[in-house]
Amino acid sequence: MELENEKQLNFIEQIISDDLESGRVQEIITRFPPEPNGYLHIGHAKSICLNFGLAEKFNGKCNLRFDDTNPEKEEEHYMEAIKEDVRWLGFQWAKLCYASDYFEQFYRWAVDLVKAGLAYVDHQSPEEIRQTRGTLTEPGENSPYRNRDIEKNLELLQKMRKGEFDEGECVLRAKIDMSHPNINMRDPVMYRILKKAHYRTGNLWCIYPMYDFAHGYEDAIEGITHSICTLEFADHRPLYDWFLENVDIPSRPRQYEFARLNLSYTVMSKRLLLGLVGEGIVSGWDDPRMPTIQGLRRRGYTPSSIRKFCQEIGVAKSNSMVDYELLEHTIREELNAKAQRVMVVLHPLKVIIENYPDDAEELIKYQNNPEDPSMGTRMVPFSKELYIERDDFREDPPKKYFRLAPGKEVRLKHAYYITCREVIKDEWGNIVELRCEYDPESKGGETPDGRKVRGTLHWVSAPHGVKVEIRLYDKLFTLKNMSEMEEGKNYPHYLNPHSLEVLSESVAEPVLKEAQPGDRFQFLRQGYFTVDSDSTPDTLIFNRTVALKDTWAKIQNKG
RNA sequence: UGGGGCGUGGCCAAGCGGUAAGGCAAGGGACUUUGGAUCCCUGAUUCGGAGGUUCGAAUCCUCCCGCCCCAGCCA
């Protein structure tokens, strides 16, 4: 089975496999190169799993490198959060690197390019540069500064570095071809002047390298063999190669592109995510509805479920939109095997067992996880007064309704069979209580006569129950593909008003008093829940990670 | 109308000239002290389209169509 798995390589694995076989490389080194200007999301997780996964699979190494070449956007706390997220996902980097550590080397290579007549200082304004770049169908025009002599360029570049020019006054440009059909090759900017303090280099520099100029060199310095990035950089590959081919470098990396992840009903763009946080639509970057690593973590996703998901979606070059159901499936699959089953009544309805002794109580033996008997059993208190789910009773039950109704019998999980004898209502006709009768013979959930009951309900003993807060989460947006918003509408038009529902009357069985933030449970017949970081021993808060599959809901929806 | 990339069932995705893997979703059934889980079964006569090469094409060639990306001193 594993052999087949190894045979089925994605296109990048095939390239690596071939490179190793042909001897083009002895050992592979990859890297995950985030810019510390925001929090990581599930799309980054795909890249992380790919890069670190490749290193693991081929016995190579993977670096974590901060691509911190823009002091205007980058901050230390993002860097720390990114490191934590990568570790949480379960990966260890071979080296922790920073593009900003290479600034001096970048400068030397820039000087080399100037000396080779391949770069020049341009005094055109940003607008002039834009205007002379040409368009998709028309070539650009050469800058009037393009043919300055080398000595002059060297001198000007030094002045740029020394801070003798203001921001925007000039840039260093690569001298390639202003009529190149690939716009990226039309004398791209290498250095711009930014008189801003950098979070790591402080005020040491006032010129900062552009991505295209820097990235290949970062890879070359670290000995990266396979530099993997997303599809939109494919157009930049000729430039990546150009910079590497025109100076002396310690190693020759190659760039490969794959399709970034899109997930239905959510967005991956940092801008939109930032908007959700900034406008208070979500509580923060770690809001459990966010597709961020921190959001998923708080929602209750495990690192292994996210890794599994990334493995399942595959790696290819076609733009794709993955159903969020696949993400849900991976966490259900894992938690089904591992999570302790526990009973919590989300919307309580009181039940009085009329023929149960008034002050009696007993302990019911309860299986912690039928999928894993080694998880053992525990004792759950039972008494005359219980809560069941409001939804588990219908005064006028529809067809195929297996739950409680007047005169009908159901099983209380692991406890007894009960039959509803009377419905108590308040003055407005709302059902406030059920009077039931239990069968003492049915203890444990079966009777000597072997009669069958279709419905099995979860329950909580009222005097023993613990009041808890439950946060029910759902999709953030109502539109499956958020890149297909209608004209004139933007993302606020598509917010799901039911993405968060807070229940404050829920009642849990007493074991949950011991639950710690991050613990995960299956609430029987409801779904998987985790203890939220806001939770305290006095007010326990549970987040719903994902609901259980609900076949009954499906039957109902069909009419 | 320049350049680059991509088109395999509802969503991903294998396939690399020898007769369409797998997962998710969907539907049907079995089982069930979670209407959970599990287990069976069903679904592309067909690979964006049209030609061509070949004994044989999703795989090779030609043309066409569709979608995505690129005109930051962002990454």
Side-chain angles (χ1 to χ4, degrees), chain A residues 4 7-10 14 33-35 37 67 69-70 72-73 122 124-126 129-131 133-140 167-173 179-186 188-194 207-208 210-212 214-215 229-238 257 259 261 264 270 311-330 332-333 336-337 341 343 367 370-371 400-403 411-415 417 442 444-446 452-458 480 483 522-527 548-555:
Chain A
E4 282 178 25
K7 265 190 215 166
Q8 219 160 68
L9 305 178
N10 65 48
Q14 284 185 29
E35 183 185 16
N37 70 343
D67 202 4
T69 56
N70 185 351
E72 295 187 315
K73 295 183 173 178
D122 192 348
Q124 291 183 109
S125 67
I129 288 181
R130 179 164 41 78
Q131 278 160 13
R133 186 151 26 223
T135 66
L136 296 178
T137 51
E138 303 162 76
E167 284 189 14
E169 217 179 312
C170 55
V171 292
L172 182 71
R173 284 231 254 175
S179 59
H180 198 109
N182 180 341
I183 293 186
N184 293 299
M185 299 297 271
R186 317 237 262 232
V189 173
M190 293 165 60
Y191 271 121
R192 77 281 213 187
I193 296 168
L194 250 25
I207 55 173
Y208 291 91
M210 296 289 289
Y211 171 87
D212 288 310
H215 206 89
C229 61
T230 45
L231 249 30
E232 66 271 27
F233 290 99
D235 284 344
H236 297 240
R237 195 173 57 232
E257 311 86 20
L261 169 66
S264 59
K270 279 181 188 171
Q311 191 182 93
E312 293 292 313
I313 58 178
V315 176
K317 297 186 78 159
S318 57
N319 294 314
S320 60
M321 166 73 67
V322 175
D323 282 343
Y324 79 97
E325 284 88 350
L326 182 59
L327 217 209
E328 293 193 323
H329 167 259
T330 61
R332 274 199 199 102
E333 185 180 48
N336 174 51
R341 272 59 170 174
M343 293 192 289
Q367 197 173 16
E371 299 298 314
K400 292 189 197 166
Y401 187 82
F402 304 151
R403 285 115 96 147
R411 170 167 42 232
L412 296 179
K413 178 77 174 177
H414 287 332
Y417 289 1
S442 65
E446 49 192 5
K452 299 283 182 203
V453 284
R454 287 303 294 271
T456 300
L457 312 185
H458 59 283
K480 188 166 191 170
S483 68
Q522 184 197 96
F523 288 5
L524 200 75
R525 301 206 301 135
Q526 306 279 359
L548 246 29
K549 284 193 192 163
D550 190 348
T551 309
W552 170 237
K554 213 174 271 180
I555 293 169

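Within every chain, numbering begins at 1; the chains are lettered A, B, ... in the order of the sequence lines, protein sequences first and strands thereafter. Hydrogens, waters and symmetry mates play no part in the numbers below; they use all other heavy atoms, side chains included.
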request  = Could you measure between the two C1' atoms, the one in B:G5 and the one in B:G10, and give it in whole Å?
outcome  = 25 Å
Using the P atom as the point on both nucleotides, what is the distance between B:U46 and B:C39, in whole Å? 32 Å
Original post:
At under 4.0 Å, does any side-chain N or O of A:R237 touch on OP1 or OP2 of B:C70?
Top reply: no
I'd like to check, for A:W552, whether its ring lies over the base of B:G35 with centroids under 5.5 Å apart and a plane angle smaller than 30°. yes
Answer for the Watson-Crick or wobble partner of B:G35, both distances under 3.5 Å, is none
Any strand, both distances under 3.5 Å, Watson-Crick or G-U wobble: B:G22 pairs with B:C12
For B:G27, the nucleotide meeting Watson-Crick or G-U wobble distances (both under 3.5 Å) is B:C41
inquiry  = Would the base of B:G36 count as contacting A:E371 through its side chain, where contact means a donor and an acceptor less than 3.5 Å apart?
reply    = yes
Mark yes or no for a side-chain to base donor-acceptor pair under 3.5 Å between A:D235 and B:G3, with no hydrogen or angle criteria applied.
yes
Mate of B:C6 across any strand shown (Watson-Crick or G-U wobble, both atom pairs under 3.5 Å) is B:G66
**Message:** With hydrogens left out and only the distance checked, is there a donor-acceptor pair under 3.5 Å joining A:Q14's side chain and the base of B:C16?
**Reply:** yes
### Query
In terms of the angle between their ring planes, are A:Y211 and A:H236 parallel, tilted or perpendicular, with boundaries placed at 30° and 60°?
perpendicular
Heavy-atom nearest nucleotide on RNA chain B taken for A:Y417 and for A:I129; more 5' hit belongs to A:Y417
Distance, P atom - from B:C64 to B:G4, rounded to whole angstrom:
15 Å
Check your understanding: If the P atom of B:C12 is compared with that of B:C69, how far apart are they to the nearest Å?
Key -> 16 Å
On a plain distance test, is the side chain of A:Q522 in donor-acceptor contact with the base of B:U34 below 3.5 Å? yes
- Query: Quick check: does any side chain N or O of A:T456 sit under 3.5 Å from a backbone N or O of A:K413, one acting as donor and the other as acceptor?
  - Reply: no
If pairing means Watson-Crick or G-U wobble with both distances under 3.5 Å, then the partner of B:U53 is none
Taking donor-acceptor contacts at under 3.5 Å, does the side chain of A:R332 reach the base of B:G36? no
Can you see if the side chain of A:H458 gets near the phosphate of B:U34 - specifically, an N or O under 4.0 Å from OP1 or OP2? no
>> If we ignore hydrogens and angles and just use 3.5 Å, is the side chain of A:Q124 paired with the main-chain N or O of A:I129 as donor and acceptor?
In response: no
